[in-house]
Enquirer: 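I'd like to ask some things about the structure below.
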Number of protein chains: 4
Amino acid sequence: MGAVKTRRMPRAVREQQMLDAAVRIFGQRGYTAASMDDIAELAGVSKPLVYLYLNSKEDLFLAVIRREAAALTEAVRAGVRPDQPADRRLWHGLLAFFEHTARHPDAWSVLHLQARTHGEPFAGEAAAMRAAIVTFVTQLIAVAARDAHRDPDLPDHEVAGLAEALVGAAESLAAWANTADGIGARQAAGTLMNFAWAGLGSLMAGRRWSPPGE
Amino acid sequence: MGAVKTRRMPRAVREQQMLDAAVRIFGQRGYTAASMDDIAELAGVSKPLVYLYLNSKEDLFLAVIRREAAALTEAVRAGVRPDQPADRRLWHGLLAFFEHTARHPDAWSVLHLQARTHGEPFAGEAAAMRAAIVTFVTQLIAVAARDAHRDPDLPDHEVAGLAEALVGAAESLAAWANTADGIGARQAAGTLMNFAWAGLGSLMAGRRWSPPGE
Amino acid sequence: MGAVKTRRMPRAVREQQMLDAAVRIFGQRGYTAASMDDIAELAGVSKPLVYLYLNSKEDLFLAVIRREAAALTEAVRAGVRPDQPADRRLWHGLLAFFEHTARHPDAWSVLHLQARTHGEPFAGEAAAMRAAIVTFVTQLIAVAARDAHRDPDLPDHEVAGLAEALVGAAESLAAWANTADGIGARQAAGTLMNFAWAGLGSLMAGRRWSPPGE
Amino acid sequence: MGAVKTRRMPRAVREQQMLDAAVRIFGQRGYTAASMDDIAELAGVSKPLVYLYLNSKEDLFLAVIRREAAALTEAVRAGVRPDQPADRRLWHGLLAFFEHTARHPDAWSVLHLQARTHGEPFAGEAAAMRAAIVTFVTQLIAVAARDAHRDPDLPDHEVAGLAEALVGAAESLAAWANTADGIGARQAAGTLMNFAWAGLGSLMAGRRWSPPGE
DNA sequence: TATGAATGAGCGTTCATTCAT
DNA sequence: TATGAATGAACGCTCATTCAT
């Protein structure tokens with residue numbers, strides 16, 4: 001499983017190899033359980049070289065988070081056609097999200113679990129990525145509401161809550177789709193679209209659920 | 001902050017004190033960063049006593065997870081009146097969930113973050129609790145579908161996906177409600193109910209979103 | 001050479017054993033070349049116990065410096081009879097100094113070489129001890145000058161320089177007496193007394209050496 | 001501060017640049033805290049080149065000690081006019097010594113502190129330089145004693161002790177003069193001359209201090 | 001002459017865990 | 001029931017040193 005031991009590589013290449021190894025080890029073992037020895041061995045280099053290039057375990061973890069966060073947001077962005085209507089954009093975004101997380105489960109573990117569980121500055125970096133996605137979804141919802149001529153009925157904090165809920169649902173379904181056999185990215189995206197778009201439509205049509213008086 | 005030093009307590013009491021301390025330390029510092037010294041000190045006992053009662057750090061963490069998982073599921077169950085219609089039951093369940101997580105943030109951190117991030121057997125225990133909640137929600141959706149005479153249109157795996165999505169949305173909103181100031185449990189539950197119930201209703205009315213043909 | 005392995009000692013005793021070992025290792029190998037493993041082994045305990053009691057290598061070194069500085073100044077102070085004339089007091093002080101450094105060469109190496117060579121806070125601690133000795137000598141010189149009714153002729157900074165010179169000479173002779181065989185503390189003290197007391201006497205009698213005009 | 005990066009210099013020049021850098025780093029950081037990286041960087045060359053020219057850290061340190069020891073003894077020797085009487089020669093020697101140490105504090109730190117604190121072969125090299133100076137002073141004292149027709153009264157080992165004391169006093173005053181503001185080389189030399197020459201004169205005149213009978 | 005790439009070996013420190021009482 | 005004394009094992013990190021070009 002370890003990389004083939006090839007010597008004397010240019011620095012940039014070696015660095016990517018180290019990050020590749022780090023994603024796998026961090027994603028599978030967790031930040032604290034991962035040892036620099038393990039990562040160096042999987043990368044096919046000695047420990048001092050990892051330190052020479054990445055400085056410290058913290059810096060290495062941060063570099064991993066940043067690289068994978070950029071990769072995920074880029075994948076979503078690349079999947080979305082900006083000239084399409086809001087529902088199509090949401091659909092393609094979800095599809096890209098589920099496909100990327102399914103293809104890179106270790107990276108998703110790092111971003112969704114490890115980074116958020118081990119304090120600053122990691123949690124902040126993961127939160128920043130998540131915030132970008134939430135903002136993206138928030139804008140889609142706002143556009144959809146405008147198209148339905150309904151925005152006066154949806155206050156800002158409600159839109160924010162909806163976006164949070166939608167992103168949380170997507171995160172949950174990502175794990176579900178990766179676990180339950182036979183459920184692919186398309187199906188997960190379909191389920192969520194059905195649920196979400198109908199819910200949004202109803203909301204915008206003014207149909208709201210009222211809590212009991214108690 | 002540590003418990004007042006009272007000697008010679010009955011075992012059951014001492015054990016609860018240790019678990020109380022462990023929840024706080026694990027929840028705030030994380031599993032690996034928490035040290036047995038910290039926990040023993042906060043519990044007001046010596047380290048060997050912790051080992052005498054709880055055996056090991058793993059066992060202690062497991063005991064914490066089990067106690068808090070039971071407390072959370074019990075809180076949800078206690079909030080739901082079985083003789084009510086499905087929407088009311090979902091509403092009260094969500095309300096109880098948001099209230100409990102807001103009142104016990106360390107416990108929620110243990111269940112939602114720490115337990116899932118540090119491998120087996122912890123992740124399994126947390127997954128079991130989550131599965132129980134998902135099952136509960138699944139049943140509610142099934143009942144609602146039956147009430148709407150629509151179950152033939154909602155295949156099982158779709159219902160499972162919806163439940164997963166709903167639970168994920170709730171988890172996401174729990175963090176959001178605890179962070180953003182001024183958002184309480186009622187508001188989070190209201191936002192989610194509006195979103196979810198309308199979405200479910202639309203689905204059951206046969207309004208579905210279809211992916212593009214591409 | 002290592003201490004006999006006796007288990008379960010009270011903390012205070014173990015701490016002294018550790019300091020004893022540390023003096024030898026630090027004195028013979030130097031601060032940086034000394035390893036905590038070496039010290040723990042010579043003390044007959046495991047490394048974690050050293051850390052439990054002394055916290056860190058820095059703290060251990062500081063504790064050694066403080067203990068040995070106190071022992072040396074105490075030895076000098078104990079050798080001096082305060083009711084005697086200044087020359088006798090200087091003599092007994094020098095004698096005690098040479099005897100102590102001869103009997104504890106590792107401690108002297110720590111105080112005179114290691115502590116001064118490895119930056120703060122060690123150098124400061126050693127400097128404080130030395131300053132106390134210089135002050136002691138300065139006072140002796142001042143008393144002697146007063147007895148000779150000559151103090152107006154000896155400006156303060158000149159007295160300070162003389163004290164510095166005298167202490168430096170003593171430090172140098174300590175090494176010399178410990179190295180050259182057959183030279184004991186008495187002889188070293190005698191040589192220095194002859195040199196110093198005569199020099200001081202001449203100075204106080206107003207005989208001064210003038211640099212050439214160039 | 002690092003040397004301007006000029007390539008392809010003749011070996012002799014490069015070597016001196018490396019030694020210059022090494023003196024500064026060793027003098028300021030100490031032997032063990034100094035890293036070959038630091039030295040290479042300050043010298044403006046790559047690390048392998050340092051090894052190519054100087055072989056190892058030990059050899060580099062030895063080369064530094066030898067160069068600076070030679071420079072210091074040469075400075076003292078150059079300051080002394082051999083055709084002058086003993087007191088003038090001592091005066092000029094001290095003056096040259098204080099001036100050189102004040103002008104080259106890093107070199108003095110290496111010779112006086114670092115070399116003596118880090119075992120063989122460094123301590124031996126520093127001791128050899130010191131022995132040369134002690135011998136030089138011993139001869140001056142012997143000449144002065146002969147001039148005073150007093151040598152039968154001053155046994156050899158006493159002369160040796162006096163020389164040791166004088167050199168120690170000078171070393172002590174060098175640090176003192178470099179620290180205390182406003183004290184220059186001339187003043188330090190003056191203080192020491194006053195002290196030493198008067199002491200020596202008294203000794204040679206047969207005035208000796210006798211220890212108490214006890 | 002000169003260097004970018006790479007490592008073996010070791011050190012300070014921490015922590016879960018146990019022994020003896 | 002309760003604890004002061006003690007440790008095995010591992011981890012993050014650094015450094016002098018060398019290889020291949």
Side-chain angles (χ1 to χ4, degrees), chain A residues 5-11 13-15 32-40 44-60, chain B residues 5 7-11 14 32-40 44-60, chain C residues 5-11 13-15 32-40 44-60, chain D residues 5 7-11 13-14 32-40 44-61:
Chain A
K5 209 155 191 178
T6 29
R7 310 233 158 197
R8 305 271 149 187
M9 321 258 310
R11 172 171 182 152
V13 177
R14 270 279 190 258
E15 255 184 49
T32 29
S35 88
M36 295 298 271
D37 283 278
D38 296 337
I39 292 169
V45 298
S46 70
K47 216 177 5 169
L49 201 61
V50 179
Y51 278 90
L52 190 60
Y53 287 173
L54 277 314
N55 288 322
S56 68
K57 195 184 185 185
E58 282 211 359
D59 282 3
L60 172 56
Chain B
K5 212 157 190 177
R7 311 238 158 186
R8 305 266 155 192
M9 320 252 313
R11 170 164 184 156
R14 271 274 192 259
T32 30
S35 84
M36 295 299 271
D37 281 276
D38 297 336
I39 292 168
V45 298
S46 71
K47 228 181 342 175
L49 199 61
V50 179
Y51 278 89
L52 190 62
Y53 286 175
L54 277 315
N55 287 321
S56 70
K57 195 186 186 184
E58 285 211 356
D59 284 0
L60 171 57
Chain C
K5 208 155 192 179
T6 29
R7 309 232 157 198
R8 306 268 148 189
M9 320 258 310
R11 172 169 181 152
V13 177
R14 270 280 189 258
E15 255 184 49
T32 28
S35 87
M36 294 299 270
D37 282 279
D38 296 337
I39 292 169
V45 296
S46 71
K47 218 176 4 167
L49 201 61
V50 180
Y51 278 89
L52 190 61
Y53 287 173
L54 276 316
N55 288 322
S56 69
K57 196 184 187 186
E58 281 212 0
D59 282 3
L60 171 56
Chain D
K5 212 156 192 177
R7 312 239 159 184
R8 306 266 155 192
M9 320 253 315
R11 169 164 184 154
V13 178
R14 272 276 193 258
T32 29
S35 82
M36 296 298 271
D37 282 276
D38 296 336
I39 292 168
V45 298
S46 71
K47 230 182 339 177
L49 199 62
V50 179
Y51 279 89
L52 190 62
Y53 286 175
L54 277 316
N55 287 322
S56 70
K57 194 184 187 186
E58 285 211 356
D59 283 1
L60 170 57
F61 193 40

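Fair warning: this is a prediction, and the values are worked out from it, not measured in the lab.
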Enquirer: Quick check on DNA chain E: between C/Glu58 and B/Lys47, whose nearest nucleotide comes earlier from the 5' end?
Expert: C/Glu58
Enquirer: Figure out the CG/P separation between C/Leu49 and F/dG4, and round it to whole Å.
Expert: 14 Å
Enquirer: Using 0.5 Å steps for rounding, measure from the NZ atom of C/Lys57 to the CE atom of C/Met36.
Expert: 7.5 Å
Enquirer: Please report the closest heavy-atom contact between A/Ala40 and A/Val50, naming both atoms and the distance.
Expert: CB-CG2, 3.8 Å
Enquirer: Atom CG of B/Leu60 to atom C1' of E/dC15: distance rounded to whole Å?
Expert: 15 Å
Enquirer: Just how far, in rounded Å, is P of F/dT7 from CE of C/Met36?
Expert: 14 Å
Enquirer: Send over the distance from D/Lys57 NZ to E/dG10 P, rounded to a whole Å.
Expert: 16 Å
Enquirer: Is there a Watson-Crick or G-U wobble partner for F/dA20 with both distances under 3.5 Å, and which nucleotide is it?
Expert: E/dT3
Enquirer: Let me know, please, whether C/Asp38 or D/Tyr53 comes out on the 5' side of the other along DNA chain E by nearest nucleotide.
Expert: D/Tyr53
Enquirer: Between D/Ser35 and A/Ser35, just flag the one whose closest nucleotide in DNA chain F comes earlier from the 5' side.
Expert: A/Ser35
Enquirer: What nucleotide, of E/dA6, F/dC15, F/dT3, holds the atom closest to the side chain of A/Pro48?
Expert: F/dC15
Enquirer: Let's test this: given Watson-Crick or G-U wobble pairing with both distances under 3.5 Å, identify the partner of F/dG8.
Expert: E/dC15
Enquirer: Looking at every non-hydrogen atom in both residues, tell me the closest pair between B/Arg14 and B/Tyr53 and how far apart they are.
Expert: CB-CE1, 3.6 Å
Enquirer: Evaluate side-chain contact (heavy atoms from CB on, under 4.5 Å) for B/Leu60 paired with B/Ile39, printing each intermediate quantity in order.
Expert: CA-CA 10 Å; B/Leu60 171 57; B/Ile39 292 168; 4.0 Å; yes
Enquirer: Which residue, B/Ser46 or A/Asn55, contacts DNA chain F at a nucleotide closer to its 5' end, judged by nearest heavy atom?
Expert: B/Ser46
Enquirer: What is the separation between atom CZ on D/Phe61 and atom C1' on F/dA16, rounded to the nearest whole Å?
Expert: 15 Å
Enquirer: To the nearest Å, how far apart are A/Leu52 CG and F/dT18 C1'?
Expert: 15 Å
Enquirer: Quickly work out the A/Met9 CE to E/dT7 C1' distance and round it to whole Å.
Expert: 17 Å
Enquirer: Grab the OH-P distance between A/Tyr51 and E/dA6 for me, whole Å please.
Expert: 18 Å
Enquirer: Where the side chain of C/Arg14 is defined as all heavy atoms beyond and including C-beta, which of F/dG4, F/dA6, E/dG12 is the nearest nucleotide?
Expert: F/dA6
Enquirer: Is the closest side-chain heavy-atom distance between C/Tyr51 and C/Asn55 below 4.5 Å?
Expert: no
Enquirer: So D/Ala34, base contact, sugar-phosphate only, or nothing? Heavy-atom distance under 4.0 Å.
Expert: sugar-phosphate
Enquirer: Have a look at C/Arg11 and say if it touches a base, only the backbone sugar-phosphate, or nothing, with a 4.0 Å heavy-atom cut-off.
Expert: sugar-phosphate
